[in-house]
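Sequential numbering from 1 along the given sequence is applied to the chain's residues.
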Amino acid sequence: MKRGDFSMLQEKMVVVQQRQLTADVFELTLQGKMATVKATAGQFVDVKIPDPNLLLRRPFGITQVDPQTKQLRLVYRVVGQGTAELSQVTPGTHLDTIGPLGHGFPTDFLQAGQRALIIGGGTGIPPLYALSQQLVAQGIEVTHAIGFGKQEQIFYEQEFRALGDVHYATDDGSYGFHGHIGLLLDAADFAKTDFAAVYACGPRGLLMAVNNRYRGHPHAYISLESRMACGVGECYACVVPAQGQQKMYKVCDDGPVFATGVTSKVP
């Protein structure tokens, strides 16, 4: 199947591994043909929870893809019945999966040697790992600004540090800068650094801060999170208003990545 500029598959991917990263965050590795389809960092997959009582699929940003082993990795937080069910699946289970979906982070305009700032928090962090890998492969120098509630919630620290400079902020001050990510951006004075691109994914407050702070930047992008029913742009359950226009954007299909200032609302 084709949707937009991307190929899209539906298949029953095989669970290779399920790994618990923190008290409520899990890493799920799936194997199948979908992992061989060219995907852009920031795209997502829609997974059917193996419970007949849960009809709606759950969207998860792609964390890592390895075409050689045909493996695709997702990192997610248990927040409700669906993700709780997903955290119990074991190797060998088949999960009905659709993807890759949506439009990811633009990076083609960047040239080797330029610098990029990646801003993330909570469960918005997994697709940013795929983005950081993609940028480093392009020869881009990457700086990360990452926020968590407390130190015990941090995951993928060594993975990010292997790719570039990392600045952490925790709400309770237990690790790194004491305060939310917006305060970290002010304290570290990233505005004085000439970043050719800025990318962000995370909770609503973080996205609102980035959307306002970098609205005038020529290449600043945010990945929106929204409740989705279909994931392919057919149901209009995840729309957001355009800035200054009488139109609506579908987060799943037109996004989830948008340039800052394009939408007038962060869901």
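Rounding to the nearest 0.5 Å gives a distance of 9.0 Å between OG1 of T40 and CD1 of I62. To the nearest 0.5 Å, atom OG1 of residue T170 and atom CD1 of residue I146 are 12.5 Å apart. Taken to the nearest 0.5 Å, the NE2 atom of H103 stands 7.5 Å off from the CG atom of D254. Note that CD1 of I222 is 5.5 Å distant from CG of L207, once rounded to the nearest 0.5 Å. Taken to the nearest 0.5 Å, the OH atom of Y175 stands 14.5 Å off from the CD atom of Q153. Here L224 contributes atom CG and R204 contributes atom CZ; the two are 11.0 Å apart, rounded to the nearest 0.5 Å.
H94 and V14 make their closest contact through NE2-CG2, 3.4 Å (heavy atoms, listed as atom of the first residue, atom of the second, distance). Taking all atoms of both residues into account, the shortest heavy-atom contact from P126 to T63 is CB-OG1, 3.2 Å. Between L117 and F195, the closest heavy-atom pair is N-CD2, 3.6 Å. Closest approach of G61 and L74 over heavy atoms only: O-CD2, 3.7 Å. Scanning all heavy atoms of the two residues, the minimum distance from H144 to V142 falls at NE2-CG1, 3.4 Å. Nearest heavy-atom pair, E85 versus D51, reported as atom, atom and distance to 0.1 Å: OE2-OD2, 3.1 Å.
For R213, the side chain to side chain contact (heavy atoms under 4.5 Å, CB included) partners at least two apart in sequence or on another chain are L185, D186, A191. In terms of the side chain to side chain contact (heavy atoms under 4.5 Å, CB included) criterion, residue partners of P50 (sequence neighbours excluded) are, by chain and number, V89, L95. Under the side chain to side chain contact (heavy atoms under 4.5 Å, CB included) criterion, A41 pairs with A130, L131, Q134, sequence neighbours left out. H219 pairs by the ring pair (Phe, Tyr, Trp, His ring centres under 6.0 Å) definition with F109, not counting sequence neighbours. Contacts of F177 classified as ring pair (Phe, Tyr, Trp, His ring centres under 6.0 Å), with partners at least two apart in sequence or in another chain: none. Checked against ring pair (Phe, Tyr, Trp, His ring centres under 6.0 Å), Y129 has the following partners two or more places apart in sequence or in another chain: Y156, F160. For E11, the salt bridge (Lys or Arg N to Asp or Glu O under 4.0 Å) criterion is met by no residue, not counting sequence neighbours. A search for side chain to side chain contact (heavy atoms under 4.5 Å, CB included) contacts involving A162 returns nothing, not counting sequence neighbours. Residues passing the ring pair (Phe, Tyr, Trp, His ring centres under 6.0 Å) test with H217: none are found, sequence neighbours excluded. Listed by chain and number, the residues in a salt bridge (Lys or Arg N to Asp or Glu O under 4.0 Å) with D66 amount to none (sequence neighbours excluded).
In terms of modelled atom types and a separation under 3.5 Å, the side chain of T260 and the main chain of Y214 share a donor-acceptor contact. The closest donor-acceptor contact from the side chain of T29 to the backbone of V16 lies at 3.5 Å or more, if one exists at all. Here the side chain of K12 pairs no donor or acceptor atom with the backbone of T93 at under 3.5 angstrom. A side-chain donor-acceptor contact under 3.5 Å links R58 to the backbone of L56. With hydrogens and angles ignored, the 3.5 Å screen pairs a side-chain donor or acceptor of Q20 with a backbone N or O of A23. Listed for the Q114 side chain is no donor-acceptor partner under 3.5 Å among the backbone atoms of L110.
Applying the salt bridge (Lys or Arg N to Asp or Glu O under 4.0 Å) rule to pairs touching residues 127-152 yields R115-E141, sequence neighbours excluded.
Counting heavy atoms from C-beta on, the side chains of L128 and S223 never come closer than 4.5 Å. The side-chain heavy atoms of Q18 and Q88, taken from C-beta on, include no pair separated by under 4.5 Å. Contact check for T83 versus F60: side-chain heavy atoms found under the 4.5 Å cut-off. Taking the side chain as every heavy atom from C-beta outward, V15 and T90 never approach each other to under 4.5 Å.
Under the 4.5 Å side-chain contact rule for hydrophobic residues, L163 and I125 share a cluster. Criterion: ILVMFWY side-chain heavy atoms under 4.5 Å apart, direct or through other members. Under it, L206 and V262 are part of a common hydrophobic cluster. No chain of hydrophobic side-chain contacts below 4.5 Å, direct or via other Ile, Leu, Val, Met, Phe, Trp or Tyr residues, connects V25 to V79. Note: the hydrophobic cluster containing L21 does not contain L86 (ILVMFWY, side chain heavy atoms under 4.5 Å, direct or indirect links). There is a path of hydrophobic side-chain contacts, each under 4.5 Å, that joins Y199 to I140.
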Contacts under 3.5 angstrom, residues 30-37 side chains, donor-acceptor by atom type, not counting sequence neighbours:
from	atom 1	to	atom 2	distance (Å)
Q31	NE2	T69	O	2.9
T36	OG1	K33	O	2.6

Step by step, would you call Q17 with E27 a side chain to side chain contact (heavy atoms under 4.5 Å, CB included)? CA-CA 8 Å; Q17 184 184 52; E27 178 191 78; 4.1 Å; yes
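A distance of 6.0 Å or more separates the ring centres of F105 and Y221.
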